[in-house]
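What's counted below: heavy atoms across the whole structure, side chains too, no hydrogens, waters or symmetry copies.
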Amino acid sequence: MSSSKPDGAALGHELSLWVVLFHEQLAARLHVNATEHKVLGIISRTPGTHPARLVAETGLSNAAITKIVDRLAELGYVERARDPADGRRTTLTATTAHRQALAGAMAPMLDGMDQVVAGFDTAELDTVARWLTGTVSVMRDAALALAAENRDRRLVAGAEGRRPPTG
């Protein structure tokens with residue numbers, strides 16, 4: 001009896017599809033768009049972060065980040081404060097209201113993931129963690145490279161007075 005190797009590309013596409021669709025629905029529950037939701041996730045995971053970090057991590061412009069943070073603050077999901085180390089900078093922190101809304105919406109998925117994880121032994125979990133860590137690294141690098149390339153294309157097209165290329 002031969003054991004066939006799982007199709008990593010197919011599994012990756014399937015995982016990507018359902019992660020995107022889940023987060024689209026989660027964003028809708030929070031009354032934000034997908035980009036606002038992802039920025040809110042970064043702020044939530046890094047309390048006290050600065051807008052400049054959001055620009056660097058997302059590849060979005062300063063103006064786009066400002067608009068997103070304004071909207072998230074208006075919804076009550078983000079608090080701004082002066083950076084105690086540098087009064088010119090603003091720090092951003094997710095609010096209790098955001099954490100509560102997120103926890104309620106994510107509870108069924110998190111319970112399901114706990115059940116999935118319970119079926120693995122330590123060695124299997126180490127393998128999955130290694131794969132996920134590598135995948136996240138590859139995706140982060142690819143996304144940031146595309147963001148930089150897209151930004152450069154827009155700058156060149158704008159300087160030449162034409163629309164950016166689509167391909």
Side-chain angles (χ1 to χ4, degrees), residues 12-114 116 132-167:
H13 287 293
E14 186 80 2
L15 175 61
S16 176
L17 169 69
W18 288 107
V19 166
V20 168
L21 293 176
F22 175 79
H23 282 280
E24 285 284 338
Q25 294 306 312
L26 195 55
R29 172 75 61 92
L30 297 173
H31 306 288
V32 297
N33 66 37
T35 303
E36 292 165 342
H37 174 58
K38 295 284 87 178
V39 169
L40 184 53
I42 295 167
I43 295 168
S44 183
R45 287 186 306 278
T46 54
T49 195
H50 301 96
R53 176 165 186 233
L54 297 175
V55 168
E57 191 160 335
T58 64
L60 296 171
S61 68
N62 284 321
I65 290 295
T66 298
K67 185 176 179 180
I68 290 167
V69 170
D70 286 347
R71 174 139 162 69
L72 295 175
E74 181 181 306
L75 288 168
Y77 293 145
V78 171
E79 291 177 343
R80 291 180 174 108
R82 287 280 165 216
D83 185 331
D86 182 350
R88 297 168 295 175
R89 291 192 342 174
T90 301
T91 62
L92 305 168
T93 304
T95 64
T96 300
H98 167 255
R99 287 188 296 279
Q100 289 172 342
L102 195 62
M106 289 187 67
M109 188 270 303
L110 294 174
D111 289 344
M113 290 306 300
D114 284 345
V116 169
L132 285 171
T133 300
T135 299
V136 166
S137 178
V138 167
M139 292 302 297
R140 180 187 308 110
D141 292 348
L144 291 174
L146 279 173
E149 185 178 311
N150 290 340
R151 191 172 39 253
D152 291 346
R153 285 176 158 203
R154 286 190 304 268
L155 290 173
V156 168
E160 295 175 353
R162 59 181 175 80
R163 289 180 176 259
T166 57

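- The line from CG of Leu60 to OG1 of Thr35 is 6.5 Å long, rounded to the nearest 0.5 Å.
- Environment of CZ in Arg29: sparse, with no more than 12 heavy atoms of neighbouring residues, nucleotides or ligands closer than 6.0 Å.
- Residue pairs meeting the side chain to side chain donor-acceptor pair (under 3.5 Å) criterion with at least one member in residues 133-148, sequence neighbours excluded, do not occur.
- When all heavy atoms of Arg53 and Thr49 are compared, the closest pair comes out as CD-OG1, 3.4 Å.
- The structure places CE of Met106 at 11.0 Å from CG of Asp111, a figure rounded to the nearest 0.5 Å.
- Aromatic ring orientation, Tyr77 versus His98: perpendicular (interplanar angle above 60°, classes split at 30° and 60°).
- Contact check for Leu102 versus Leu26: side-chain heavy atoms found under the 4.5 Å cut-off.
- Proximity of Thr90 to Arg82: side-chain heavy atoms (C-beta onward) are separated by under 4.5 Å at one or more points.
- Thr96 places none of its side-chain heavy atoms less than 4.5 Å from the side chain of Glu79.
- At least one donor-acceptor pair under 3.5 Å links the side chain of Thr95 to the backbone N or O of Gly76.
- Atom CD1 in Ile68 sits 12.5 Å away from atom NZ in Lys38 (nearest 0.5 Å).
- Between Ala27 and Asn33 the shortest heavy-atom distance is CB-O, 3.9 Å.
- For the pair Ala147 and Gly59, the tightest heavy-atom approach, listed with the atom from each and the gap, is CB-CA, 3.9 Å.
- Closest non-hydrogen pair, Leu144 versus Ala56, comes out as CD2-O, 3.6 Å.
- Taking CD of Glu36 as the reference point, atom NZ of Lys67 lies at 8.5 Å (rounded to 0.5 Å).
- Between Leu75 and Arg71, the closest side-chain pair of non-hydrogen atoms falls below 4.5 Å.
- Under a cut-off of 6.0 angstrom, the local environment of CE in Met109 is crowded, with over 12 non-hydrogen atoms contributed by other residues, nucleotides or ligands.
- Side-chain contact between Leu92 and Leu72 is absent, with no heavy atoms from C-beta onward closer than 4.5 Å.
- Heavy atoms of other residues, nucleotides or ligands lying less than 6.0 angstrom from NE2 of His23 number more than 12.
- Closest approach of Ala64 to Ser61, counting heavy atoms only: N-OG, 3.0 Å.
- Side-chain atoms of Ser44 do not come within 3.5 Å of backbone N or O of Leu40 as any donor-acceptor pair.
- Side-chain atoms of Arg45 come within 3.5 Å of backbone N or O of Gly41 as a donor-acceptor pair.
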